[in-house]
Amino acid sequence: MAQTIGELARGMQPSTVGYRAVDRQTLALDALSKLTWQFAKEPDFRRLVDVLVLTISGQFTVGNAFAVVHNPHMQSGEPLCTGSGKFMTDTMPVEMLKCPVCQDYFLQHPHPIRVADLEDFHALREAATRAYESGVRLVTPLLLGDRVIGLIGLGEKVTRKPFGDDEVDLLATLANTITPFIVNSFLFMEIASLNAWYLDILDSVRQGVFVIGSDAKLQKVNSVGVEILKLCCGETIDMESVFESPLETLFPETSFPGWSRQFKLAAGRRNMRQSEHLVAKTADSERIFKVGFSRVDQGDGGEAGLVITLDDVTAIKESEERLFDLEKFADKGVMASSIAHELNNFLGMILGGVELTRFALNKGNVEKAGAALDKVMANGERMKRYTQGLTDFTRLETRKKIADINAVIADVLSFVRVQKKFTRIHISTELDAGLPQFEIDTDQIAQLLLNLVNNAADAIQEAGRDDGKVTVVTSGDKDSVTLTVSDNGCGIPPNVKEKLFMTHLTTKENGHGYGLVTCSRIIDHHHAVVTVDSEEGQGATFRLQFDLHPEEPSDAVASDTSPETDSFV
Ligand code: ADP
């Protein structure tokens, strides 16, 4: 049977060698501080614990020692264990650290203990015997709050004498000093690996990234950033000194005209993210960069730093310019298409009027035929006004007068209904008779409504419905009037919806994409706001809200000098 610890220890005398505890403590702490420096230079935690064990072995003149430590910032995971001599491969230190009974004991007795003395604690006897048999003579916990994060164990002394009280005290001092150091070192290592990860990411992006501190000096730059500096300032740039340089030196005026001023302005602005295009000069050409700024607040109310990203968009800009040239060539064709689209709408109204006239004449109703012809004339006039405007499309006029929008709607729909395109479509109206009259250009409102109902008819045809319905509704009060046109056509897909009114976009085989762009001009001129609701396959609703008291005074003749081709005069 194995000897008890008491038996094993019996006969050993406490060390009689006199220690000058203060000297030893000074030496030990000195050794630790050297360790700290070494670690700061090379943050390798395993090496740190290795050297710690060696240092302790030297201080206590023991042949064997171990240190076993948990990552203090993690609740789980295997502890890191390192030992000298016979503890090098022993699993006992890890078992001891993980043993709940040992942990309880050390929480209640947070100081070094001679393993022989553990015999008195019944619950610990098994673990203590195993430790003693493995050769541990003195063990101390490393405590962080209410957690045992590690143990340091010392084997027998070279002199084979038991540890004296002063040595126990020394180990206690060392343990107290080492614990915060270990906690910080773990943190330091995690920060270092986070930093390495962050630098890896910075280096893997295709933008140049510059991190500028609140002192306006460069703190970090990624490899693309360095390449940009070299490209613009020459290969000779001294990368050592750039970290100490102010922004003006980092981005000199000769290569980066106006850049440093822009950066300073950006750092002073409140909104966190902005971007703009800036031109840099290389030895033989110019490069265009999309420059992004993000202000980085320190969180302590101190001065803000800045992260600058540089994206070389020279190639994109060049191809955009080429496209722009092509667009200019295309403009003439664009204009012709736009005109054709609008004239087609007017012609549709005129043909509708002629149809109405013939219908009335067939019935012998000369009076109705005359009225229909008057409307044909009126539409001819609208068309004339439109074509006249085309001869001078740098000046587009809106002629507003107080009028009844319901009357315009009724007028347009009476012509639309008889058009072939609408024969199988039911057009219904709910026009609010109490609507206030307000300032409108009646021709433009007619043009607007025509575009909306024509699109509705196209959408119904596209959906292949034979129960097509278009509903025109007006409502309002003294402040605003709303005009709604809805249909049960094919609906508008989200990617088309988001571009409506902005670009010449069409999804129709013979479309041009001018209708809604024209509408958007009319809407603007009438201080109206448009909203579109649609679900694919469920139809669409266009809602226009006219503000009757716009802040901008409404002129009888408003002019628009933009050279857009989709004119309406
Ligand atoms: P175009 O009629 O020549 O295509 P528009 O500017 O009038 O030009 O319309 C642009 C696009 O908007 C149409 O091609 C169509 O995809 C979509 N659109 C407009 N109105 C509707 C509607 N009521 N239902 C479904 N899609 C519509």
Side-chain angles (χ1 to χ4, degrees), residues 327 330-349 386 396 409 412-413 416-417 419-422 424-430 443-474 482-526 528-545 562 564-568:
E327 264 177 16
D331 250 8
K332 284 194 171 69
V334 163
M335 202 166 68
S337 310
S338 168
I339 295 165
H341 180 269
E342 291 309 301
L343 287 185
N344 224 16
N345 279 347
F346 287 121
L347 271 177
M349 296 262 279
Y386 173 78
L396 306 175
I409 295 167
V412 169
L413 294 184
V416 165
R417 279 194 178 100
Q419 281 181 38
K420 214 167 150 212
K421 190 172 180 177
F422 289 87
R424 294 167 68 87
I425 294 174
H426 178 70
I427 303 181
S428 65
T429 52
E430 287 168 37
D443 288 352
Q444 287 184 9
I445 296 295
Q447 205 173 345
L448 170 82
L449 186 62
L450 262 178
N451 274 311
L452 294 183
V453 291
N454 270 322
N455 278 343
D458 291 341
I460 290 166
Q461 197 192 358
E462 157 102 35
R465 304 188 75 116
D466 45 16
D467 62 342
K469 249 178 22 191
V470 177
T471 312
V472 181
V473 180
T474 55
T482 306
L483 162 64
T484 312
V485 179
S486 27
D487 64 71
N488 60 350
C490 58
I492 309 171
N495 61 325
V496 173
K497 195 176 142 196
E498 69 194 20
K499 293 186 201 126
L500 291 181
F501 298 100
M502 288 188 277
T503 49
H504 296 291
L505 132 150
T506 185
T507 55
K508 300 172 196 166
E509 206 177 319
N510 297 317
H512 300 292
Y514 295 107
L516 293 186
V517 175
T518 304
C519 287
S520 95
R521 308 280 302 279
I522 298 176
I523 292 164
D524 277 356
H525 289 181
H526 284 81
V529 178
V530 62
T531 45
V532 183
D533 287 328
S534 179
E535 252 180 67
E536 263 186 281
Q538 304 291 316
T541 299
F542 286 73
R543 187 172 294 105
L544 303 162
Q545 193 172 17
S562 110
E564 286 253 341
T565 53
D566 39 17
S567 55
F568 40 83

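Note that ligands are numbered from 1 as they come in the structure, with each ligand's atoms numbered from 1 the same way.
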Quick check: does Leu516 get an N/O under 3.5 Å from an N/O on ligand 1?
-> yes

Of Asn454, Val470, Ile492, the residue with the heavy atom nearest atom 26 (N) of ligand 1 is Ile492

For ligand 1, the portion of Leu500 having any non-hydrogen atom under 4.0 Å away | side chain

Steps toward side chain to side chain contact (heavy atoms under 4.5 Å, CB included) verdict (Val532, Thr541) | CA-CA 6 Å; Val532 183; Thr541 299; over 6 Å; no

Sort out for me which residue in Leu452, Leu448, Leu500, Ile523 forms a side chain to side chain contact (heavy atoms under 4.5 Å, CB included) with Val530.
-> Ile523

Atoms in ligand 1 flagged as close to Thr507, the criterion being non-hydrogen separation under 4.0 Å | 13 (C), 14 (O), 15 (C), 16 (O)

Compute the minimum heavy-atom distance from Phe501 to ligand 1 and say whether it is under 4.0 Å.
-> no

Residues Arg543, Asp533: salt bridge by 4.0 Å N-O rule = yes

Which ligand 1 atoms are under 4.0 Å away from a heavy-atom of Ala459?
-> 22 (C), 24 (N), 25 (C)

Heavy-atom closest contact (Lys497 atom, Ile492 atom, distance) = N-CG2, 3.7 Å

Electrostatic pair Asp467:Arg424 at N-O distance under 4.0 angstrom = no

Arg465 (side chain) donor-acceptor with Asn488 (main chain) under 3.5 angstrom | yes

Looking only at atom types and distance, does a side-chain atom of Ser534 sit under 3.5 Å from a main-chain N or O of Gly539, one as donor and one as acceptor?
-> yes

N/O to N/O below 3.5 Å, does that happen between Thr506 and ligand 1?
-> yes

Can a non-hydrogen atom of Gly489 be found less than 4.0 Å from any atom of ligand 1?
-> no

Work out whether the distance between some heavy atom of Asp487 and some atom of ligand 1 is less than 4.0 Å.
-> yes

